[in-house]
Amino acid sequence: MIFNNYLPIYKTNETEHLSEKEESEYQKIKEELIQLKINDKNLNVETQEIEELMIEKSIKSPKIINKLTNDLKGYGKIDPLLKDDELEEIMIIGKNKPIYVYHRNKGMMITEIILSEIEIKQIINKIANYVQRKIDNETPILDARLPNGSRVNATIPPITADGSTVTIRKFKKEQLTILDLIKSNSISANLAAFLWINIDGLNVRPSNIIISGGTGSGKTTTLNTLTSFIPTQERIITIEDILELQIPQEHVIRTETRPPNIEGKGEINMDVLLKNSLRQRPDRIIVGEVRSKEAITLFGALNTGHSGMGTLHANSTQETITRLINPPMNVPSVMINSIDFIVMQNRIFHPTKGIIRRITEVAEVVGMEMNKVQLNKIFQYNYSEDKLEYTAISSKALTEIASMKGISMKEISKEIKKRELYLIENSEKKRNNVYETKKIINDYYNSNLQKL
């Protein structure tokens, strides 16, 4: 196999290979273990069971034990990839081809792991069995979630001509926080403070926000970090295709769509979940990704006084509007005003820093003119300086907050600056997890907000 010379090679610690004799012994024990479990409701295979069977067969190779444990309890050769928290994506592109991975710091890499069609299908079938769904010639696509939360897409021939494929989107065991994003320069402390005051709305006018960007740009991560600014007393309902959001609040209801079963029945889509959430008295509705007719339901809810946040696939603020008002979303232009801000997130190649994720633009929806949605650019990313700059003269949302709160815009600006310095101070300290970060935000309220 000739590897792509243009990509760095990702090496795992799994260098052990079975000899021909070991491979034969491995297959015999594996078949016997499978037979033992056929009529057993408990499908889990314990390491002790493997060891006992090997003693019975007078086989002593530790390599066989490791391979059996990985194959029967884990996902075979890709287990080391699943355990590496620095990998963001695992990409099996077909039989007898090397697996590709996307490293969080190094970008796309190629591995020395090659799977046969049988090995790929074993992985797919194990995932399908776990989520109690089927994948066959009639339904050759599988979307699922692993026990650790990783998102999986699998395909089999005939729709993928070169063999079965598996794409696994992994999430960091320790979720990033708003302080992490500030430290990595993904978001400026000034923008974070600006969004903070708009998200809590000083308890009089919370803003509605859409985070847009391409695949892998970090939209969900940004959305997740911004939820730490939602006041603790609020009731939050999240709606997602695959559960990804981890909101550090006590009063959260997490909901997830359900695909049709084997008979094609029982589907629960995002629109159904969204409509149901409106019967649950939410203070804040968070939609993992807006993509279809649920957009009208969401904007209808926002227009009737509910507060919400969500993500959407688009490459610019104007494209975000275009996608919303055209099929399949079909949101009436007059309803777009219920969104206050569009936050653009991008994955960028920097000549010295490599792959970086940055918020590149924040635009405010300010009204309609000649049936066209008008946007006010608030922040703009400076590519040459890798810096986010405030470009607006004023903000409609902040003006309304000041008016409803009965304070001046000067006091609002002072409060944003105060929060900015507070975030900078805490981002320079040791890393905090999502719950500690939420406590830091709450501590600010306890000592400062009553002074406004």
Query raised in the report: What's the shortest heavy-atom distance between Asn426 and Asn432, and which atoms?
Result: O-ND2, 4.2 Å

Query raised in the report: Taking atom types as modelled and ignoring hydrogens, do the side chains of Ser188 and Asn190 form a donor-acceptor contact shorter than 3.5 angstrom?
Result: no

**Report entry** Worked verdict on Arg431 versus Asp180 for side chain to side chain contact (heavy atoms under 4.5 Å, CB included)
**Finding:** CA-CA 7 Å; Arg431 191 190 186 285; Asp180 292 323; 2.9 Å; yes

Query raised in the report: Charged N to carboxylate O below 4.0 Å: is that the case for Lys170 and Asp84?
Result: no

**Report entry** Donor-acceptor pair, side chain of Gln132 and main chain of Tyr130, under 3.5 angstrom
**Finding:** no

Report task. Answer yes or no: is there an ion pair linking Asp200 with Arg419, defined by an N-O contact shorter than 4.0 Å? Result -> yes

Requested in this report: Check whether more than 12 heavy atoms from other residues, nucleotides or ligands sit under 6.0 Å from atom CG of Asp136, and answer yes or no.
Outcome: yes

Requested in this report: May I ask you to check if Lys126 and Tyr75 form a cation-pi contact, with NZ or CZ under 6.0 angstrom from the six-membered ring centre and within 45° of the axis?
Outcome: yes

Query - Between Ser384 and Asn382, a side-chain donor and acceptor under 3.5 Å - result: yes

**Report entry** Carboxylate-amine/guanidinium contact Glu174 Lys172, below 4.0 Å
**Finding:** no

Query raised in the report: Quick one: side-chain hydrogen bond (donor to acceptor under 3.5 Å, both in side chains) partners of Asn269, sequence neighbours excluded?
Result: none

Query - Over 12 foreign heavy atoms within 6.0 Å of NZ, Lys396 - result: yes

Query - Side-chain donor-acceptor contact under 3.5 Å, Ser408 with Glu411 - result: yes

Query raised in the report: Going by distance alone, is a donor N or O of one side chain under 3.5 Å from an acceptor N or O of the other, for Glu117 and Ser164?
Result: yes

Query raised in the report: In terms of side-chain heavy atoms, does Thr360 have a donor or acceptor partner in Asn346 at a distance below 3.5 Å?
Result: yes

Report task. In plain terms, say whether Lys97 and Asp162 are close enough for a salt bridge, that is, a side-chain N and a carboxylate O under 4.0 Å apart. Result -> yes

Report summary line: Scanning both residues in full, the closest heavy-atom pair of Leu179 with Ile440 reads CD1-CD1, 3.9 Å

Query raised in the report: If you measure from the Lys or Arg side-chain nitrogens to the Asp or Glu carboxylate oxygens, is any gap between Lys377 and Glu364 under 4.0 Å?
Result: no

Query raised in the report: Does a donor on one side chain and an acceptor on the other come within less than 3.5 Å for Thr167 and Asn153?
Result: no

Report summary line: For Thr320 and Ile210, the nearest pair of non-hydrogen atoms, with its separation, is CG2-CG2, 4.2 Å

Query raised in the report: Under 3.5 Å, is there a donor-acceptor pair between the Thr227 and Asn224 side chains?
Result: no

Query raised in the report: Looking just at side-chain N and O atoms, do Thr311 and Glu289 make a donor-acceptor pair shorter than 3.5 Å?
Result: no

Query - No-hydrogen, no-angle side-chain donor-acceptor test under 3.5 Å, Thr232 and Asn442 - result: yes

Query raised in the report: Would you call Arg323 and Glu319 a salt bridge, taking side-chain N to carboxylate O under 4.0 Å as the test?
Result: no

Query raised in the report: If you measure from the Lys or Arg side-chain nitrogens to the Asp or Glu carboxylate oxygens, is any gap between Arg151 and Glu244 under 4.0 Å?
Result: yes

Report summary line: Heavy-atom nearest pair, Ile285 first then Ala301, reads CD1-CB, 4.3 Å

Report task. Verify whether one side chain among Gln345 and Thr222 offers a donor that lies under 3.5 Å from an acceptor in the other. Result -> yes

Report task. Compute the ring centroids of Tyr100 and Tyr102, then answer whether they are less than 6.0 Å apart. Result -> no

Query - Sequence-distant partners of Tyr422, ring pair (Phe, Tyr, Trp, His ring centres under 6.0 Å), two or more places apart - result: Tyr444

Report task. Indicate yes or no for a side-chain donor-acceptor contact from Thr304 to the backbone of Gly300 under 3.5 Å, with no hydrogens or angles considered. Result -> yes

Query raised in the report: Do you see a donor-acceptor pair shorter than 3.5 Å between the side chains of Thr155 and Thr165?
Result: yes

Query raised in the report: In Å, rounded to the nearest 0.5 Å, how long is the span from CE of Met370 to CE of Met368?
Result: 11.0 Å

Requested in this report: Look at atom NZ of Lys353 and say whether more than 12 heavy atoms of other residues, nucleotides or ligands are closer to it than 6.0 Å.
Outcome: yes

Requested in this report: Could you tell me whether Arg104 and Glu86 have a side-chain N and a carboxylate O separated by less than 4.0 Å?
Outcome: no

Query raised in the report: Within the distance-only criterion (no hydrogens, no angle test), does the side chain of Ser277 pair as donor or acceptor with the backbone N or O of Leu274 below 3.5 angstrom?
Result: yes

Query raised in the report: Between Phe379 and Phe341, does the ring centre distance come in under 6.0 Å?
Result: no

Query - Over 12 foreign heavy atoms within 6.0 Å of CD, Glu138 - result: no

